[in-house]
2 protein chains.
Amino acid sequence: MRLTTKGRYAVTAMLDLALHEGKGPISLADISERQGISLSYLEQLFAKLRRNELVHSVRGPGGGYQLKRERGEINVAEVIDAVNESVDATGCNKTGSCQSGEVCLTHHLWCDLSDQIHGFLSGISLADLVHRHDVQEVAERQQRVMAQPEKLIASSVASAS
Amino acid sequence: MRLTTKGRYAVTAMLDLALHEGKGPISLADISERQGISLSYLEQLFAKLRRNELVHSVRGPGGGYQLKRERGEINVAEVIDAVNESVDATGCNKTGSCQSGEVCLTHHLWCDLSDQIHGFLSGISLADLVHRHDVQEVAERQQRVMAQPEKLIASSVASAS
DNA sequence: ATAGTAGCCTAGTAAATTAGTCGGAATAAT
DNA sequence: ATTATTCCGACTAATTTACTAGGCTACTAT
């Protein structure tokens, strides 16, 4: 099991889409700016999200991405699964062949842990996140920063040095 | 966050120690054989476990390792922490500086997930594992295999090819 | 004393993964 | 036609994993 920036980026980007729903397709350039994620990297992640039928793309100018399902029908676990291949904590992919064909001493423990994590994350939808206070606060801050083009340039210069 | 064989090996090895408690120090060679983990790799893991005061070592012939605390007083979370540095799911190490000094859109979600995982794993002690049916079954199987030296050689030859 | 058994320590390494970059299509709106 | 965007493939530096190799140190049994 691994949860790195890859999965975190995917969830963040999907949440960004959910927050700006109803404004037509959202371009990856917008998400890149707002969330501070490399555009090319986002492209790779969205290729996987699209293959997993989580988003729908519109090409050409004014194009971008939209959620393929309703916000309430997409949960965090499947977003991570889409880019990461599973939040499984076992080494044997739950097959039980961890120690030369047989289950290892701790196999069931990792199965339990996997269930725990999956249960937790699959119980949280994008709609749930949109309604959270902390998410709304951060989203508002990001709106304010986007409205100040000078600050944007200053911060990108600072991060480049 | 990452949970790989590293953390799994550590927990498995610690559980092996817990299962064979009361028989004096257990050598890493024994654990290596029983659990199918490379001896040199075990040495590296146990160096960390020792630094974190989870095990106590006895050098020289007949030496090995013993749990430093009672089985009921060592939980799975701290074993993983010892070799892995934390089961933290955030990218900022819970500092909240994920996006140029400020919290990112999904910071709190990862904090919640971290708490969830830590809560689950810290609630399971080595004693709990020792008493589980599935663990006892696997432990008995490992005892039987160890009692058949020919089979051991045959399986090691097979895995080497 | 000394041989042998263990733990201890450092260094190296192949393979995989991460988090990107780069360049160039294909597509659609103006 | 130009431009904005998704799409696609190849490449890469840095990091991590899961090891191996080899030598040293402490201890015990003989």
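Every heavy atom of this structure was used, including side-chain atoms; hydrogens, water molecules and symmetry mates were not. Everything quoted here is computed from the prediction, not taken from an experiment. Protein chains get the first letters and strands the later ones, always in sequence-line order, with residue 1 at the start of each.
Considering only side-chain atoms of B:Glu43, the nucleotide from D:dT3, D:dC8, D:dG22 that sits closest is D:dG22. In the set C:dT21, C:dA11, C:dA19, the nucleotide with an atom closest to the side chain of B:Gln44 is C:dA11. With distances taken from any side-chain atom of A:Pro61 to the nucleotides C:dC8, C:dT18, C:dA29, the minimum falls on C:dA29. The side chain of B:Arg50 lies closest to C:dC8 when the candidates are C:dC8, D:dT17, C:dT18.
Residue contacts shown for A:Phe46 are absent, as no nucleic acid heavy atom lies under 4.0 Å away. Base contact: B:Ser40 has a heavy atom under 4.0 Å from a base atom.
Rounded to whole Å, atom P of D:dG9 lies 13 Å from atom NZ of A:Lys48. The separation between A:Glu33 atom CD and D:dA4 atom C1' is 14 Å, rounded to whole Å. Nucleotide C:dA16 holds its P atom 18 Å from the CG atom of A:Asn84, rounded to whole Å. Taking atom CD of residue A:Gln66 and atom P of nucleotide D:dT5, one finds them 14 Å apart after rounding to whole Å. Following rounding to the nearest Å, A:Leu42 (CG) and D:dT5 (P) show an atom-to-atom distance of 14 Å.
Under 4.0 angstrom from either OP1 or OP2 of C:dA19 there lies at least one side-chain N or O belonging to A:Thr4. Within the 4.0 Å cut-off from OP1 or OP2 of C:dA6, not a single side-chain nitrogen or oxygen of B:Tyr65 is found. A close approach under 4.0 Å does occur between a side-chain nitrogen or oxygen of A:Tyr9 and OP1 or OP2 of C:dG20. Contact between the side-chain N/O atoms of B:Ser38 and the OP1/OP2 oxygens of D:dT20 is found at a separation under 4.0 Å. B:Ser27 has no side-chain polar atom (N or O) that falls below the 4.0 Å cut-off from OP1 or OP2 of C:dG7. Contact check, B:Tyr41 against D:dC19: no side-chain N or O comes under 4.0 Å of OP1 or OP2. Taking 4.0 angstrom as the limit, A:Thr5 places a side-chain polar atom (N or O) nearer than this to OP1 or OP2 of C:dA19. The phosphate of C:dT18 (OP1 or OP2) has a side-chain N or O of A:Arg2 nearer than 4.0 angstrom.
Between B:Tyr65 and B:Phe46, the ring-plane angle classifies as tilted under the 30° and 60° cut-offs.
Ranked by how close their nearest DNA chain C nucleotide is to the 5' end, A:Gly7 and A:Val58 are led by A:Gly7. Both B:Gly60 and A:Ala29 lie near DNA chain D, and the one whose nearest nucleotide falls closer to the 5' end is A:Ala29. Sequence order on DNA chain C of the closest nucleotides to A:Arg59 and A:Gly62 puts A:Arg59 first from the 5' end.
Nearest heavy-atom pair, A:Gln66 versus A:Val58, reported as atom, atom and distance to 0.1 Å: OE1-CG2, 4.5 Å. Scanning all heavy atoms of the two residues, the minimum distance from A:Ala139 to B:Leu105 falls at N-CD1, 3.9 Å.
Remark: A:Lys23 does not engage A:Asp30 in a salt bridge, criterion side-chain N to carboxylate O under 4.0 Å.
In A:Gln136, the CD atom is crowded: over 12 heavy atoms of neighbouring residues, nucleotides or ligands sit closer than 6.0 Å.
Residues A:Asp88 and A:Ser114 have side chains that bring a donor and an acceptor to within less than 3.5 angstrom of each other.
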